[in-house]
Amino acid sequence: MVEQEQKETKPQTQPSFEQRSGLRELFELFSLTGFVYGPLDERLDIRDALEKNLKKPVPHHVNWLFCFGGISLFLFVVQGVTGIMLLMYYRPTVAEAYKSVVFITNNVPFGWLVRGLHHWAANLMIIMVFLHMARVFFYGAYKPPRDFNWVTGVILLTLTLGFGFTGYLLPWSQISYWATTVGTEVPAAVPFIGGFLSTLIRGGQAVGQSTLTRFFAVHVVILPLVISFFLLGHFFMIRKQGISGPL
Amino acid sequence: MSAKLEKDWREEGEPFFPNHMLDQGMVVFVTLAILVTLVMFFPAPMEPPADPFETPEHIKPEWYFLSAYQALKVAEYFSFLGAWAPKALGILMQAVGILALILLPFLDKNPERHPRKRPVVIGIGILALILLAALTIWGKLS
Ligand code: HEM
């Protein structure tokens, strides 16, 4: 009886969502720069856009198995940041590649950390993309209307593996040289165009400076551009279609 | 926001901000912690420099290419068909595998999503995973 009375005397009105979540503080932070309440917002409705996106509910059936895609994206960002840092010291020539990697590891401040992060994030990213794909597979999330996003996903998987393949050669170590020699021999077995393919990839008969230049260009310019394009497509489709429903 | 709207919205799911964003933040920090731990205890390897005149005894690719590598080796059992067979068939197997992966949503017409209601595709998927794992381990040990 006493408890009931106490309950009834509790205030009925709850603080608004904006107040409880700190959304207002966030807006105010942006508004300092004139983005949310200032002249820019008058023209672009930034506040509305922010509110709409920040308030988008995440369905209850979304569990931890859904986080592998996001972790893949995070690791990709780590690769971008650490990769650009490595570029400051790496030299893509047969004479200097190996030395520059040793220099990064032993002499550049925190070079060991940046190189180690790039190394491990690469391996983890492949695991995470795989787990993500397995999640999508077992949840049947590849069925229409998400079939084209699955195709985009398979392309992302091959691009991720492409990063691994081209990056492996860059230190110009014994293992990277010979693994690439064996790996670039594989396309030679394709009927008719095999020889041409293998030469195209190597930039010559054997793995050498042209191969290193080529793999470097693919690893740091071409693949990042192409994967960004497909990642954008992947995320636009997810946004438009929403996450797949409960099983 | 009116109380009614807020209620509907809670039924639909968890607020993205701040609830979901906090979860995501935690995932990001845990991932970073794991990364840094790995880097400290298992630094990126520094192999000897490349020497085009000295072929090492065992040349193996990175772990994620081991299954493809081992599949090419397995294809050598087809050499009784002729000298062309092992390599061409090995490549063909891989091409078919990737093609099947791309075409999965168009081959699997079953509209059901729950794993228990699509035993065939799930069965094939599990078999493919076992095959992949077996080839990888075999490639590692061989
Ligand atoms: C660089 C690699 C990739 C990144 C960064 C990425 C990122 C994401 C993210 C953040 C989501 C939101 C849901 C979730 O995380 O589970 C998602 C959904 C999805 N992904 Fe990926 N993904 C990648 C590769 C792949 C691959 C390899 C496939 C499949 C072959 C794939 C197929 C899909 C599909 C079909 C969805 C929609 C799932 C649903 O609505 O439940 N993605 N992706």
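Each chain gets a letter, A, B and so on, in the order its sequence line appears, and its residues count up from 1.
- Both the backbone and the side chain of Phe165(A) come within less than 4.5 Å of a heavy atom of chain B.
- The number of heavy atoms from other shown groups lying within 6.0 Å of CZ (Phe192(A)) does not exceed 12.
- At a 4.5 Å heavy-atom cutoff, the contact between Ile59(B) and chain A is made by side-chain atoms alone.
- At a 4.5 Å heavy-atom cutoff, the contact between Trp63(B) and chain A is made by side-chain atoms alone.
- Interface residue Glu112(B): only backbone heavy atoms are found under 4.5 Å from chain A.
- In this structure, chain B has heavy atoms under 4.5 Å from both the backbone and the side chain of Leu113(A).
- Put simply, NZ on Lys143(A) and CZ on Arg118(B) are 4.5 Å apart, with the number rounded to the nearest 0.5 Å.
- In terms of modelled atom types and a separation under 3.5 Å, the side chain of Trp120(A) and the main chain of Phe42(B) share a donor-acceptor contact.
- Contacts with chain B were tallied for Lys99(A), Met133(A), His119(A); His119(A) has the most, counting heavy-atom pairs under 4.5 Å.
- Only the side chain of Val27(B) comes within less than 4.5 Å of a heavy atom in chain A; its backbone stays farther off.
- Proximity to chain A (any heavy atom under 4.5 Å) is restricted, for Pro111(B), to the backbone atoms N, CA, C and O.
- Gln174(A) contributes a side-chain N or O that, together with a main-chain N or O of Glu54(B), makes up a donor-acceptor pair within less than 3.5 Å.
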Criterion side chain to side chain contact (heavy atoms under 4.5 Å, CB included) on Tyr139(A) and Arg113(B), from CA distance to verdict: CA-CA 6 Å; Tyr139(A) 270 75; Arg113(B) 282 192 48 224; 4.2 Å; yes
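- Taking Val121(B), Thr55(B), Val28(B), Asp23(B) one by one and counting their heavy-atom pairs under 4.5 Å with chain A, the maximum is reached by Thr55(B).
- With a 4.5 angstrom heavy-atom cutoff, Leu124(A) touches chain B only via side-chain atoms.
- In this structure, the separation between CD on Glu47(B) and OH on Tyr98(A) is 8.0 Å, given to the nearest 0.5 Å.
- Comparing Leu161(A), Val182(A), Thr181(A) by heavy-atom pairs within less than 4.5 Å of chain B, the highest count is held by Leu161(A).
- Contact tally against chain B (heavy-atom pairs below 4.5 Å) for Asn53(A), Val101(A), Val94(A), Asn123(A): the top residue is Asn123(A).
- Of all heavy-atom pairs between Asp108(B) and Tyr142(A), the closest is OD2-OH, 2.5 Å.
- For chain B, no part of Pro171(A) is nearby; none of its heavy atoms comes within less than 4.5 Å.
- At a 4.5 Å heavy-atom cutoff, the contact between Phe74(A) and chain B is made by side-chain atoms alone.
- With a 4.5 Å cut-off on non-hydrogen atoms, Val207(A) does not touch chain B at all.
- Heavy-atom minimum distance, Ala44(B) versus Gly116(A): CB-CA, 4.2 Å.
- With a 4.5 Å cut-off on non-hydrogen atoms, His114(B) touches chain A through its backbone and its side chain both.
- For Asn110(B), the parts lying near chain A are the backbone and the side chain together; criterion is any non-hydrogen pair under 4.5 Å.
- A 6.0 Å sphere centred on CZ of Phe138(A) holds more than 12 heavy atoms belonging to other residues, nucleotides or ligands.
- Using a 4.5 Å cut-off between heavy atoms, Lys117(B) does not touch chain A at all.
- Here the CG-CG distance, from Leu117(A) to Leu35(B), works out to 6.0 Å after rounding to the nearest 0.5 Å.
- Chosen from Pro56(B), Pro61(B), Pro115(B), the residue pairing most often with chain A at heavy-atom distances under 4.5 Å is Pro56(B).
- Residue Ile175(A) holds its CD1 atom at 9.5 Å from NZ of Lys60(B), rounded to the nearest 0.5 Å.
- Of the two parts of Ile91(B), only the side chain, counted from C-beta on, holds a non-hydrogen atom closer than 4.5 Å to a non-hydrogen atom of chain A.
- Across Tyr64(B) and Gly164(A), no two heavy atoms sit closer than the pair OH-CA, 3.3 Å.
- Heavy-atom contacts from other residues, nucleotides or ligands closer than 6.0 Å to CZ of Phe66(A) number more than 12.
- With a 4.5 Å cut-off on non-hydrogen atoms, Leu132(B) touches chain A through its side chain but not through its backbone.
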Test log, rule side chain to side chain contact (heavy atoms under 4.5 Å, CB included), inputs Glu62(B) and Tyr168(A): CA-CA 8 Å; Glu62(B) 289 259 70; Tyr168(A) 205 39; 3.4 Å; yes
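- The distance from the NZ atom of Lys56(A) to the CD atom of Glu14(B) is 15.0 Å, given to the nearest 0.5 Å.
- Of the options Thr158(A), Val151(A), Leu157(A), a side chain to side chain contact (heavy atoms under 4.5 Å, CB included) to Leu101(B) is made by Leu157(A) and by none of the others.
- Checked against the 6.0 Å centroid criterion, the rings of Phe106(B) and Phe148(A) qualify as a close aromatic pair.
- Across all non-hydrogen atoms, the minimal contact from Asp147(A) to Pro105(B) is CB-CB, 3.4 Å.
- Environment of CE in Met85(A): sparse, with no more than 12 heavy atoms of neighbouring residues, nucleotides or ligands closer than 6.0 Å.
- Enclosure of atom OH in Tyr77(B) is not indicated, since only 12 or fewer non-hydrogen atoms of other residues, nucleotides or ligands lie within 6.0 angstrom.
- In this structure, Pro43(B) and Trp112(A) have side chains that are not in contact, with every pair of non-hydrogen atoms separated by 4.5 Å or more.
- Note that CZ of Phe16(B) and CG of Leu54(A) are 7.0 Å apart. Values are rounded to the nearest 0.5 Å.
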